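For reference, the structure discussed in these notes is given below.
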Amino acid sequence: MSVAPLAVEVICVFCLAAYLLHKYGNIRRQHVLVTLASLVAWYFSMIIIFILPLDVSTTFYKICLGSIQPPVTPAAILSPPTNATPHANQSYTDAPSSVNATVNDDQSLVRRGALFDTPTCQVPWSYVQEHVLPNMWHVVYWTSQILTWLILPFMQSYATSGDFTIQGKIKTALIENAIYYGSYLLIFGALLIYVAARPDLQIDGPRLKMIGITASNTWGLFLLVLLLGYGLVEVPRKCWTSSNREQLLAYTRFQVAKLSTDKSDAEESLEDVLEEVSKASEAIRYNHPHRKYMDTVLRKVPEDMQARLNRGMDDYEDYPDGHSASIPSEKDLVALHRKTIRAVTSQHRTQIQWDILMERAFGLEDIGESEKCADRRFRSTFPQHYTGILKHICTPTVEWYWKCLVRPWVLKVLTVILAVFSFVVIWSEVTFFNKKPVLSLFAIFINVAAKNYDYFYIELASCLTITYLCVCVYFTVFRIRIFNYYYIAPYHQTDSNSLLFSGILLCRLTPPLCLNFLGMIHLDKHVTGNEDQEIETAYTSIMGHMDVISFLSDGFYIYYPILVIVVALGTFFSVGNRCLGLLGFQQFIGDDDMTSDLIEEGKEMIKREKRKRQRVEDGEARRKSWRDRYGTTKDRASSLQNRDASDSDSAKYSRVKDKDDSAQVELLKDSEPLDYDDSLAENEEFDRAKYTRSQAGRSSRQTTGSRWTGGRGYGSQAPPKGLFDDV
């Protein structure tokens, strides 16, 4: 018995959750509470996936002990030596002392002699004391349920609330979450009425807890089957599409054309909101009581757009006791604050999605061009600069072989594997309730491994299966249109709202998904109907059973998962996409005229975006060349100031300076020189000529002392008096 595997998994899962949160979230900019809540939600959801296989292997070990040992008195049970430590290769005919307690309490164990033929049982390599897993499941399950139903939805609404006070934000968050709380309370109330109406049942604490767990699992299972049926088909299809460059490029162009509409709407909405913010900021001066609220709204505006807004700092204004109708009230500022948050979030989301699609489109076009190269060297329009050891590994030749030759075949092989996996999941979902004969493929595979004491295979197969189920479910969540408000983007581009939403779904869908998996491998007797099985997983003992609600335990939880095959068939034949296309929604259908038009439109948009980025890169290259050749702006300004100082020393004895003219000339000399412009780089001789003319103009001004060229040499006239008096 060793806790090392459990400790290693706990640490590794925590590191994985922290790495993913760092990759997708922006820890420096988002609130520390958002980071902490998202980390706990992600960590506890992932730990269920990786710790449940250990629970499964331990359960099979207990079943093996029960199949070879009849119920006896405690004195008849022999314990192994206290100084002996069981290993994976060690066998015992008698149960360990930690198992004896369970035998004494239950007084009987299940007989499964058909499963275990040998009279000895090998101890799993990851076996731990019996109280460890139940205590862990208590903490993990109830913490994740409190997060998903109370804390995370409240934090999500609190963060997007437009109120300026804590009380106002709390009130708004409670009102917005009424629909979530209402759906849960509706199910809980219906189940409570059903239990109260039965004369043979009494409502007590354990039954109330079971009703709460049942309501949560019912809500999760109802959504889980729909999402799983879609993902089981779309995940392999997505992998197959990725192996076909032309098909993936066509789909990317289609997505670009669709997203351009959302992007334009988001930018227009943000422009309208910024105009309202500017007017409100102009109306509310710095001495107004509501100015602190206005400053809060201005801080939500992106930094590159704040320069366009009126800060209300121009002049003092005396406000009367009665507020004017043109001055926004606190309620108006709350609504404006909320609109600003939503507009900025929507614009940021569409911009990130736009950049991701453009990078994918550029990469696919580069692959198409590189496939035609005879020298087998990958050529990228916007090359990625690797550093360190990757610089020597990711060479153009290696990149060509991977992207143009190896990667498509790897994806095709992976597609076949995922398709087989999806078929096994669908078959097991449809047949897991049949116990004689056992038709669930997962149950057959796991039982064969348990018969051979291959606990490592049991844990590996269980972990891969649960992980694949989670991938299919969460792929659907961020794919379907109704959840398009949320997104997951790498490189620290995911906003706080999307991080909290992903944590809510992870905590809400993972427990019913794991219960569904235990039913597929026949370790939940109340789902499979196997009353001969008396030993179950520690996870099931914490979740309990739905015996108090018979129509759910005997009907809904058994037969509702069969609906997954209906959803999978509808997804395979694109029934939903075709129905939405008939209703006017833009969907990717290969033989549709609207799809072809959107693909061509997206192609033109990608070309324009590529030319735009190429011009930006060319401009950056010219600026770098200019800096390398002539120095930076600060260096040029310093040299000009030194030259002007020497010219002033030589000219101060040759003419008499007027007081006002002297101040104006000094201000003109102290002004920062013009920075390099892209148009100047088109003709380098023009730069030298301009520098010569500026020297000549300066010499002319020093000689006459009465003419002013206006800074650019276009005409000459006397400067107006007092021009810089207000500076």
Side-chain angles (χ1 to χ4, degrees), residues 25-26 29-35 37-38 150-182 262 265-286 288-313 319 323-352 483-487 494-504:
N26 194 336
R29 298 187 60 181
Q30 63 195 20
H31 198 277
V32 62
L33 293 180
V34 174
T35 302
S38 301
L150 297 177
I151 298 178
L152 293 182
F154 183 84
M155 291 181 62
Q156 192 178 16
S157 300
Y158 187 93
T160 57
S161 175
D163 296 88
F164 301 103
T165 60
I166 297 178
Q167 294 81 0
K169 288 180 177 291
I170 293 176
K171 180 180 178 181
T172 303
L174 291 176
I175 294 175
E176 288 187 354
N177 284 278
I179 183 172
Y180 295 104
Y181 301 146
D262 297 339
D265 294 341
E267 291 175 351
E268 292 177 1
S269 177
L270 182 59
E271 290 290 340
D272 296 339
V273 171
L274 291 182
E275 185 177 354
E276 296 182 16
V277 171
S278 181
K279 292 180 180 179
S281 180
E282 185 177 359
I284 301 177
R285 301 289 181 175
Y286 64 91
H288 194 275
H290 291 167
R291 185 62 202 183
K292 57 182 180 180
Y293 302 146
M294 193 69 241
D295 292 336
T296 303
V297 177
L298 292 175
R299 284 194 293 268
K300 296 300 189 298
V301 178
E303 296 179 358
D304 56 341
M305 299 181 180
Q306 291 183 359
R308 301 160 46 187
L309 302 178
N310 191 324
R311 288 286 183 174
M313 305 293 291
Y319 293 96
H323 295 291
S324 174
S326 60
I327 300 177
S329 61
E330 182 177 354
K331 185 177 181 180
D332 296 333
L333 291 178
V334 169
L336 181 61
H337 188 201
R338 185 177 182 83
K339 289 173 61 177
T340 303
I341 294 175
R342 291 189 173 184
V344 171
T345 302
S346 179
Q347 189 272 338
H348 183 264
R349 171 184 60 82
T350 54
Q351 184 62 45
I352 293 301
F483 295 116
N484 199 32
Y485 182 75
Y486 307 101
Y487 67 97
T494 307
D495 60 354
S496 302
N497 203 16
S498 298
L499 289 177
L500 293 174
F501 177 75
S502 62
I504 291 173

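These numbers come from the heavy atoms of this one structure, side chains and all, not from hydrogens, waters or symmetry mates. Index from 1, following the sequence. Treat the numbers as computed from the prediction; the structure is a model and nothing was measured.
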Inset, instruction - Quick one: closest heavy-atom pair of Leu152 and Gly503, and the distance? - result: CD1-C, 3.7 Å

Inset, instruction - Report the residues that fulfil side-chain contact (heavy atoms from CB on, under 4.5 Å) with Val344, sequence neighbours left out, ordered by chain and then residue number. - result: Leu270, Pro302, Thr340

Inset, instruction - Using the test side-chain hydrogen bond (donor to acceptor under 3.5 Å, both in side chains), find all partners of Glu267 that sit at least two apart in sequence or belong to another chain. - result: Lys263

Legend entry - Validation row: Thr172, Ser157 side chains within 4.5 angstrom (heavy atoms): no

Legend entry - Pairing residues for Thr494 by the side-chain contact (heavy atoms from CB on, under 4.5 Å) criterion, not counting sequence neighbours: Tyr24, Ile488, Ala489, Ser498, Leu499

Legend entry - Asp495 side chain near Arg349 side chain, heavy-atom distance below 4.5 Å: no

Inset, instruction - Only counting residues at least two apart or in another chain, list the ones meeting side-chain hydrogen bond (donor to acceptor under 3.5 Å, both in side chains) with Asn26. - result: none

Legend entry - Set of residues satisfying side-chain contact (heavy atoms from CB on, under 4.5 Å) with respect to His348, sequence neighbours excluded: Ile352, Tyr487, Gln493

Legend entry - Exercise: identify the closest heavy-atom pair between Arg299 and Thr296: NH2-OG1, 3.2 Å

Inset, instruction - Take Ser269 and Asp272 through the test side-chain hydrogen bond (donor to acceptor under 3.5 Å, both in side chains) and record every step on the way to the result. - result: CA-CA 5 Å; Ser269 177; Asp272 296 339; 5.9 Å; no

Legend entry - side-chain hydrogen bond (donor to acceptor under 3.5 Å, both in side chains) against Gln351, all qualifying residues, sequence neighbours excluded: Asp355

Inset, instruction - Report yes if the side chains of Pro328 and Ile284 come closer than 4.5 Å at any heavy-atom pair, otherwise no. - result: yes

Inset, instruction - With sequence neighbours excluded, tell me which residues meet salt bridge (Lys or Arg N to Asp or Glu O under 4.0 Å) with Glu271. - result: Arg308

Legend entry - With Tyr293 via ring-ring contact (aromatic ring centres under 6.0 Å, His included) - residues at least two apart: Phe164, His290

Legend entry - Closest heavy-atom pair and its distance - Ile504, Pro153: CD1-N, 3.7 Å

Inset, instruction - Apply salt bridge (Lys or Arg N to Asp or Glu O under 4.0 Å) to Lys300 and list each qualifying residue two or more places apart in sequence or on a separate chain. - result: none

Inset, instruction - Report the C-alpha separation of Arg291 and Asp295 in whole Å, then their side-chain angles, then the decisive distance to 0.1 Å, and conclude whether the salt bridge (Lys or Arg N to Asp or Glu O under 4.0 Å) test is met. - result: CA-CA 6 Å; Arg291 185 62 202 183; Asp295 292 336; 3.2 Å; yes

Inset, instruction - Answer yes or no: is there a side-chain heavy-atom contact under 4.5 Å between Glu330 and Leu333? - result: no

Inset, instruction - Indicate yes or no: at least one non-hydrogen side-chain atom of Glu276 is less than 4.5 angstrom from one of Lys339. - result: yes

Inset, instruction - Quick one: list whatever passes side-chain hydrogen bond (donor to acceptor under 3.5 Å, both in side chains) with Gln347, sequence neighbours left out. - result: none

Legend entry - Interatomic distance, Asn497 atom CG to Ile341 atom CD1 [nearest 0.5 angstrom]: 10.0 Å

Legend entry - Side chain to side chain, Leu174 and Phe154, heavy atoms closer than 4.5 Å: yes

Inset, instruction - Tell me, please, which residues at least two apart from Lys169 pass side-chain contact (heavy atoms from CB on, under 4.5 Å). - result: Tyr158, Ser161, Asp163

Legend entry - Set of salt bridge (Lys or Arg N to Asp or Glu O under 4.0 Å) partners for Lys279, sequence neighbours left out: Glu275

Inset, instruction - For residues Leu33 and Met155, report the shortest heavy-atom separation together with the two atoms involved. - result: O-CE, 3.5 Å

Inset, instruction - Decide whether Arg342 and Thr345 meet the rule of one side-chain donor and one side-chain acceptor closer than 3.5 Å. - result: no

